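These figures come from a predicted structure and were not determined experimentally. Just so you know, these numbers use all the heavy atoms, side chains as well, and skip hydrogens, waters and symmetry mates.
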Amino acid sequence: MHSLRRGFAASAIAALATVLLAGTALADPRFASVTPGDAPGAWTVTVTGAAGDLRFFADGRPVQAQVGGDGRAVLSGVPADAAFLGVADGGGAEPEAAVMLAPTDAVGTDLAVYHIMVGHFANGNRSNDRDQMRGFVHKNYIGGDLQGLLERVDHIAGLGVTAVWLSPIFAAETSHGYDVTNYYAIGGARAVPGDPEASLALFRKVRDALQQRGVKVILDVPLNHAHQNYDRRAGDPDGVKPKATGPKQQAERTWDSWGAKFRYWDMDHQPTRDFLKKVALHWLVEEKVDGIRLDYVRGVDHEFWAELYKEIRAVKPDAFIVGEAWDDKAGVEGMARDIALYRQPVEGIGPQFDAAFDFPVQYAITDAFGRGRSLAAVEEWLQRGEAIYGPAGRPAYFLDNHDLARLGAWANDDDKVLAAVGLMSALSGPVFLFYGTETGLSHPAPQSGFTDASRVAMPWEGLNKAMVARTTEYLTARRDNPVLHRGARLPLLADDTVLVMAKRDGDTVALVGTNLAASAREVTVDVGGLLKAGATLAPLAGGGPAPTVSADGKATWTLPPESTQIAITPKS
């Protein structure tokens with residue numbers, strides 16, 4: 001029997017046990033500011049929310065600190081190559097909050113991924129709209145297909161994104177496509193009905209058009225489940241005869257209660273495991289896609305994901321593998337603990353994914369940008385996540401997706417949505433933008449937890465060109481300035497309506513400031529050790545002014561209302 005919890009290193013288990021003891025408290029304590037000191041290995045930090053004596057860690061190892069009564073501390077002996085700085089209070093033996101001290105080169109770090117729900121995006125061939133769709137068809141389905149996507153490649157590439165994630169395009173009986181009937185065939189409703197070869201040729205044409213524009217292709221491959229009527233002949237070209245079972249987890253039983261008609265692959269059957277690995281490798285190697293997004297990874301044991309990752313790395317080292325571990329019934333802290341299990345290497349095998357979607361940060365972003373709650377909670381969960389997840393891979397940040405209400409539905413304010421896009425564009429690691437966000441696409445009646453209301457038609461005849469241009473400004477800045485997508489992230493200020501952080505990569509420093517207040521806010525932050533006295537920064541994105549840096553190492557910045565501003569040191 002393949003255990004969901006077997007095989008982790010003792011250190012990883014200890015870290016997770018510490019998190020369990022933390023209960024439901026948010027990142028408490030957290031770093032209010034982090035700046036490098038004048039001497040090698042020295043850092044100056046301010047900590048808020050501490051309930052006891054402070055302890056500091058560099059990559060999990062204790063470091064010396066002189067702590068003042070106001071939460072300010074001077075650290076010494078931090079290794080020059082330290083990747084993470086953590087803090088705990090009281091008797092905590094593991095960090096409760098952490099920040100990234102060094103740039104990252106993790107696979108996929110540079111990606112800004114445009115997430116397309118194909119059936120709702122663009123209809124290029126009306127003759128195929130419901131081909132083989134005997135099951136559920138969403139009320140907002142418009143017959144979107146690969147031909148429509150091909151006709152919109154210029155729009156996609158013009159946004160400044162570096163990858164697309166396509167919802168399942170395989171043969172299926174529903175509009176969403178997660179009920180795959182043949183992993184080796186493109187569905188007729190997505191391509192050419194009754195002609196598998198022409199369908200595959202169309203897919204390759206789309207793939208090539210995107211890749212030639214510098215946009216990678218990531219396929220959504222649901223390996224946990226398929227349709228009850230999976231094609232056991234054409235969908236099993238090697239004659240493996242994979243086995244399936246009934247629902248194993250509560251989420252799967254819920255799907256069955258909706259009439260999903262899924263079957264769940266039998267992971268205790270080794271030929272079935274081999275079959276699923278071959279599916280992933282087929283699209284990555286033979287069909288030359290750049291990555292895969294794996295749906296509901298909680299239904300499959302950790303060893304399988306690590307085995308698959310290892311096999312992929314052996315034949316395609318630059319492939320990007322991202323997993324969805326989401327338990328929307330667990331609460332935010334519970335979700336973070338669960339996601340952490342998929343971020344850890346499996347002992348004796350290795351990593352499972354390059355990234356996992358960061359749902360806790362997404363919840364905090366929704367609360368702050370969409371529901372008027374504290375922006376400080378976003379900073380808290382950025383730090384909390386770094387502490388809980390550890391150094392393996394990177395969080396995959398996103399604002400919303402096909403299973404959640406759109407941020408625009410919560411915010412009902414294009415400026416706040418753009419401010420969220422701007423902040424996300426400056427986070428290190430892969431980021432995901434749901435189609436239509438760039439034009440303010442929304443829907444009525446947002447709700448927490450799962451909803452498919454976000455699956456609405458892309459409004460090609462009424463694009464908000466000004467909003468598209470502002471989105472493009474952020475994404476292009478991210479693409480063209482590595483400090484934004486890979487740089488160290490140092491918090492400088494966070495309160496209910498303002499968040500300011502620094503990004504650093506070598507001699508390049510960018511300051512990022514978000515203001516969600518209805519009026520301009522002037523803020524002053526300490527940038528000593530980051531920027532030279534009197535340094536100048538140039539506006540990069542957001543449309544507002546750059547901060548000014550005084551002789552005593554303070555940066556003063558007037559942040560326009562409901563916006564994110566990015567400023568950067570000039571290139572030498």
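No donor-acceptor pair closer than 3.5 Å links the side chain of K416 to the backbone N or O of A411. With hydrogens and angles disregarded, a donor-acceptor distance shorter than 3.5 Å links the side chain of K316 to the backbone of V289. One N or O on the side chain of W283 and one on the backbone of Y183 form a donor-acceptor pair closer than 3.5 Å. D290 places a side-chain N or O within donor-acceptor distance of the main-chain N or O of V217, the cut-off being under 3.5 Å. Proximity of a side-chain donor or acceptor of Y230 to a complementary backbone N or O of D236 within less than 3.5 Å is not detected. In this structure a side-chain-to-backbone donor-acceptor pair under 3.5 Å is present from N140 to R455. A donor-acceptor pair under 3.5 Å links the side-chain atoms of Q352 to the main chain of L341, judged by distance alone. A distance-only check finds a donor-acceptor pair linking the side chain of E438 to the backbone of G436 [under 3.5 Å].
Between the side chains of Y389 and Q344, no donor-acceptor pair of N or O atoms lies under 3.5 Å. A donor and an acceptor atom, one from each side chain of S167 and D220, are nowhere located under 3.5 Å apart. Side-chain atoms of N224 and D295 form no donor-acceptor pair, as typed in the model, at a separation below 3.5 Å.
Within 6.0 Å of CZ in R213 there are more than 12 heavy atoms belonging to other residues, nucleotides or ligands. A 6.0 Å sphere centred on CD of E197 holds no more than 12 heavy atoms belonging to other residues, nucleotides or ligands. Annotation: K277, atom NZ; neighbour count of heavy atoms from other residues, nucleotides and ligands within 6.0 Å is above 12. The environment of CG in D480 is crowded: more than 12 heavy-atom neighbours from other residues, nucleotides or ligands sit within 6.0 Å.
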Practice task
Start with the C-alpha distance between Y184 and D231, add both sets of side-chain angles, then the distance that settles side chain to side chain donor-acceptor pair (under 3.5 Å), and finish with yes or no.
Solution key: CA-CA 10 Å; Y184 289 90; D231 188 337; over 6 Å; no

Problem - Residues Q362, D358; criterion side chain to side chain donor-acceptor pair (under 3.5 Å); working and verdict - result: CA-CA 6 Å; Q362 190 278 334; D358 196 326; over 6 Å; no

Exercise for the section: Verify side chain to side chain donor-acceptor pair (under 3.5 Å) between E252 and H225, making sure each step is shown before the conclusion. Expected result: CA-CA 9 Å; E252 296 168 345; H225 51 271; 5.8 Å; no

Exercise for the section: Report the C-alpha separation of D256 and Y264 in whole Å, then their side-chain angles, then the decisive distance to 0.1 Å, and conclude whether the side chain to side chain donor-acceptor pair (under 3.5 Å) test is met. Expected result: CA-CA 11 Å; D256 277 14; Y264 305 91; 3.0 Å; yes

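For F353 and W305, the gap between ring centers is short of 6.0 Å. Aromatic ring centres of H138 and H120 lie closer together than 6.0 Å. Remark: aromatic rings of W265 and F275 are close, center separation under 6.0 Å. Side-chain rings of Y178 and F262 stay apart, their centers remaining 6.0 Å or farther from each other. For F136 and W255, the gap between ring centers reaches or exceeds 6.0 Å. The six-membered or imidazole ring of F359 lies away from that of W381, with a centre-to-centre distance of 6.0 Å or more.
Under a cutoff of 6.0 Å and an axis angle of 45°, R313 and Y309 form a cation-pi pair. Seen from the ring of W326, R298 does not count as a face-on cation partner, given the 6.0 Å and 45° thresholds. Annotation: cation-pi pair R406/Y435 present, NZ/CZ under 6.0 Å from the ring centroid and within 45° of its normal.
In this structure, the separation between CD on Q132 and OG1 on T174 is 12.5 Å, given to the nearest 0.5 Å.
Using a 4.5 Å heavy-atom threshold, the side chains of M117 and S454 count as separate. No side-chain heavy atom of K216 sits under 4.5 Å from any side-chain heavy atom of Q211.
When each of W165, F398, Y114 is paired with F432, the ring pair (Phe, Tyr, Trp, His ring centres under 6.0 Å) condition holds for W165 and for no other. Under the side-chain contact (heavy atoms from CB on, under 4.5 Å) rule, D400 has a single partner from L407, I365, T366, which is L407.
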